[in-house]
Amino acid sequence: MPSFDFIIVGAGSAGCVLANRLTASGKYRVLLLEAGGHDRNFKIWMPIGYGMTFYDPRINWMYKTEPDPGTGNRVSYWPRGKVIGGSSSINAMLYMRGHPGDFDDWEAMGNPGWGWKNVLPYFKKSETSDQGGTEWRGHDGPLHVSTMERDLHPTCQNYIRAAQACGLSYNADFNGETSEGVGFYQNTLKGGFRMSAARAYLHPARRRPNLRVISRAYATRILFDGRKAVGVEYTRNGKVERAFGAREVIVSTGSVNSPHLLQHSGIGPVDELKRHGIAIVHEQKNVGRNLQDHLGLDHIYKANVPTLNDQLRPLKGKLWHGLNYVLRRRGPLSLGVNQAGGFMKTQPELDRPNMQLYFSPVSYTKAVPGVRALMSPDKFSGIMMGTQPTRPTSRGHIELRSADPFDTPVIHPNYLSTERDVTEQLKGARFMRALAASEPLAEIIDQEILPGTHVESDEEMIADIRDRAGSVFHPVSTCRMGDDPLKNVVDPHLRVHGLQNLRVVDASVFPTVTSGNTNAPTIMVAEKGADIILTDQEAG
């Protein structure tokens, strides 16, 4: 007899939610497999410590894309969490749900029940906002969301007022009635510590006798009896082991690893699987396709007032702020560096914002692409601004590198492959220039460092975008959800089309990328997915 009712592969943002919700009644036995190890690591729990996790192979998959034509044949670095909590243990902690229209789009794409009115209750169910419960915000959920205004750097006010001078309105809560406008970001924090999905959902559930968590367990393939998923084969400590589930196998390994596991299990494009000698279980040409990601661009400025560079660069500053954090959980170490920003329309006739904005009172001109040593900023006083088009139209894909399940997947992001995406990036860059020239931001800027004022024409700015724009680490849609099995991987109940007892529940099922950071909507998908699974089980 199988040992478990459900096997969840992946203890990331979605897997932690599922493990909690599926074991809450005590009725079902759940096994949670995680390829990484524990999250008892100060670099994870201290908010600004995420800069130290970006190149730590113990807790990060450290993926790299293939050279990409749209970004000058550069290789992009994609950090992904390889640890309990997944990428929620190493991300920048911004809490953003997305625009209501994103989810209405999902529903219109053949996903009944996934419109805004249907998903808002799950966002609220997941959250405890320190602003209290409202029509839009939750007050008693596992995930604590904190406003950070008490510790924000004063240059954030210069940024906000300059944005208002450029015609944007002030928004006190991007997750409230509207996301449009500029204001201060909220972080997934509680008591000065990161609120990962592991801290919010998994750790409170680990005392339950019907939940077993096995870490350092790398899933290599899903086991089938005909077209029915019955278990998972995994490697731990060099030994191949198997686990069996009586009800379902649920894949929650993220937008890179979920299609990778499905393909190695014989689910994917037939030609590709045959090329690697993998036995076909089910032809599904969309596995690994429809890849979307946000691409961002930073402009960096030398400031004529003190910034976080002056606080965090000197040894004395490191010691002082380290002590302040240890004793009081206060100061710049207690929050992320993306402190202000917002959402705007680059054209007034648009029905919703199409650009996300960022402001950081710190700068890193010599950082490795995609990685910032957050405690070692530039030697001069500096600030950064960033823009990110919210709904890119470029589509990439992920495929197998070989038949070896331990071999890294091949990632083709296909950035900037549409004229619209290039145009929107250019509009974002132009807006940053306008912001920098507006008071009171202009009065604290001494010099534009990157790209530099010599970059001025559209052609020069587009060349700079292709040379410097980088991933914001929001890959989604590689196991896309939709009712048409010829176009999508999972149905609106998150079941893999054409197979039994197999679901995918993570950001890979997003029909489209949301307008903003993707961790909060991933947790929402898992909350709703858990309800769907439990309801389906009760219905028989």
Side-chain angles (χ1 to χ4, degrees), residues 2-4 6-20 22-23 29-45 49-50 52-63 78-91 194 196-223 229 231-245 249-265 401-409 504-506 526:
S3 300
F4 303 95
F6 298 101
I7 300 176
I8 304 167
V9 186
S13 297
C16 289
V17 176
L18 293 169
N20 183 303
L22 296 183
T23 58
R29 298 159 297 170
V30 175
L31 172 65
L32 178 62
L33 299 174
E34 167 55 40
H38 63 76
D39 63 338
R40 297 185 298 275
N41 186 319
F42 191 66
K43 291 186 290 187
I44 290 174
W45 287 72
Y50 70 89
M52 295 182 282
T53 68
F54 276 7
Y55 264 108
D56 188 339
R58 296 170 298 175
I59 55 179
N60 193 327
W61 289 106
M62 295 174 52
Y63 288 127
W78 280 19
R80 311 307 299 161
K82 185 177 67 173
V83 63
I84 295 289
S87 292
S88 75
S89 290
I90 68 169
N91 68 0
R194 171 188 294 273
S196 67
R199 184 185 179 195
Y201 286 91
L202 183 59
H203 295 326
R206 294 192 75 162
R207 297 184 297 270
R208 297 172 185 166
N210 59 325
L211 173 63
R212 184 181 179 192
V213 181
I214 302 179
S215 58
R216 310 289 183 190
Y218 186 96
T220 54
R221 66 185 178 110
I222 301 160
L223 303 173
V232 176
E233 187 171 273
Y234 62 95
T235 298
R236 188 169 190 261
N237 297 325
K239 181 181 177 182
V240 177
E241 301 185 24
R242 289 182 170 188
F244 295 91
V249 173
I250 305 167
V251 178
S252 298
T253 54
S255 293
V256 176
N257 289 334
S258 285
H260 191 245
L261 177 58
L262 291 182
Q263 290 167 348
H264 276 291
S265 303
R401 192 174 300 277
S402 73
D404 182 357
F406 292 94
D407 209 351
T408 57
V504 180
V505 184
D506 56 31

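This is a predicted model, so every value here is computed, not measured. Hydrogens, waters and symmetry mates are skipped; everything else that's a heavy atom, side chains included, is used.
The line from CG of Asn257 to OH of Tyr63 is 3.5 Å long, rounded to the nearest 0.5 Å. How far OG of Ser265 is from CG of Leu223: 8.0 Å, rounded to the nearest 0.5 Å. Between the CG atom in Leu211 and the CZ atom in Phe6 there is a gap of 13.0 Å [rounded to 0.5 Å]. Considering CG of Leu31 and CG of Asn210, their distance stands at 12.0 Å, rounded to 0.5 Å. Distance check, rounded to the nearest 0.5 Å: CD1 of Ile59 to CD1 of Ile90 gives 7.0 Å. Between Tyr234 atom OH and Ile7 atom CD1 the span is 8.5 Å, to the nearest 0.5 Å.
A heavy-atom distance below 4.5 Å is found between the side chains of Arg194 and Asn91. Residues Ile84 and Val213 are in side-chain contact: their nearest non-hydrogen atoms beyond the backbone lie under 4.5 Å apart. The side-chain heavy atoms of Ile8 and Leu22, taken from C-beta on, include a pair separated by under 4.5 Å. By the 4.5 Å heavy-atom criterion applied to side chains, Leu202 and Leu32 are counted as neighbours. Counting heavy atoms from C-beta on, the side chains of Val256 and Trp78 come closer than 4.5 Å. By the 4.5 Å heavy-atom criterion applied to side chains, Ile44 and Ser196 are not counted as neighbours. Two residues are said to be in side-chain contact when any heavy atoms from C-beta on lie closer than 4.5 Å; Asp39 and Arg199 fail this criterion.
When every heavy atom of Arg236 is checked against every heavy atom of Arg216, the shortest pair comes out as CG-O, 3.3 Å. When all heavy atoms are compared, the tightest approach of Ala197 to Cys16 is O-CB, 3.6 Å. Residue Arg40 comes nearest to His38 through the heavy atom pair N-ND1, 3.0 Å, listed as atom of the first residue, atom of the second, then distance. Of all the heavy atoms in His264 and Thr220, the pair that sits closest is CB-O, 3.8 Å. Pairing each heavy atom of Pro259 with each of Gly254, the nearest pair is CD-O, 3.7 Å. The two residues Pro409 and His260 come nearest to each other via the heavy atoms CB-CD2, 3.6 Å.
Remark: the backbone N or O of Ser258 is paired with a side-chain donor or acceptor of Thr253 at under 3.5 angstrom. Between the side chain of Lys82 and the backbone N or O of Pro57, at least one donor-acceptor pair lies under 3.5 Å. The main-chain N or O of Arg29 is never found under 3.5 Å from a side-chain atom of Arg212 such that the two would form a donor-acceptor pair. Listed for the Asn60 side chain is a donor-acceptor partner under 3.5 Å among the backbone atoms of Met62. The main-chain N or O of Gly81 is found under 3.5 Å from a side-chain atom of Ser87 such that the two form a donor-acceptor pair.
Counting heavy-atom neighbours within 6.0 Å of Arg401 CZ, excluding the residue itself, gives a total above 12.
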Under the side chain to side chain contact (heavy atoms under 4.5 Å, CB included) rule, what do Arg208 and Asn20 come out as? Steps first, then yes or no, please. CA-CA 9 Å; Arg208 297 172 185 166; Asn20 183 303; 3.7 Å; yes
With side chain to side chain contact (heavy atoms under 4.5 Å, CB included) as the test, would you mind laying out the steps for Val17 and Val505 before giving the verdict? CA-CA 10 Å; Val17 176; Val505 184; over 6 Å; no
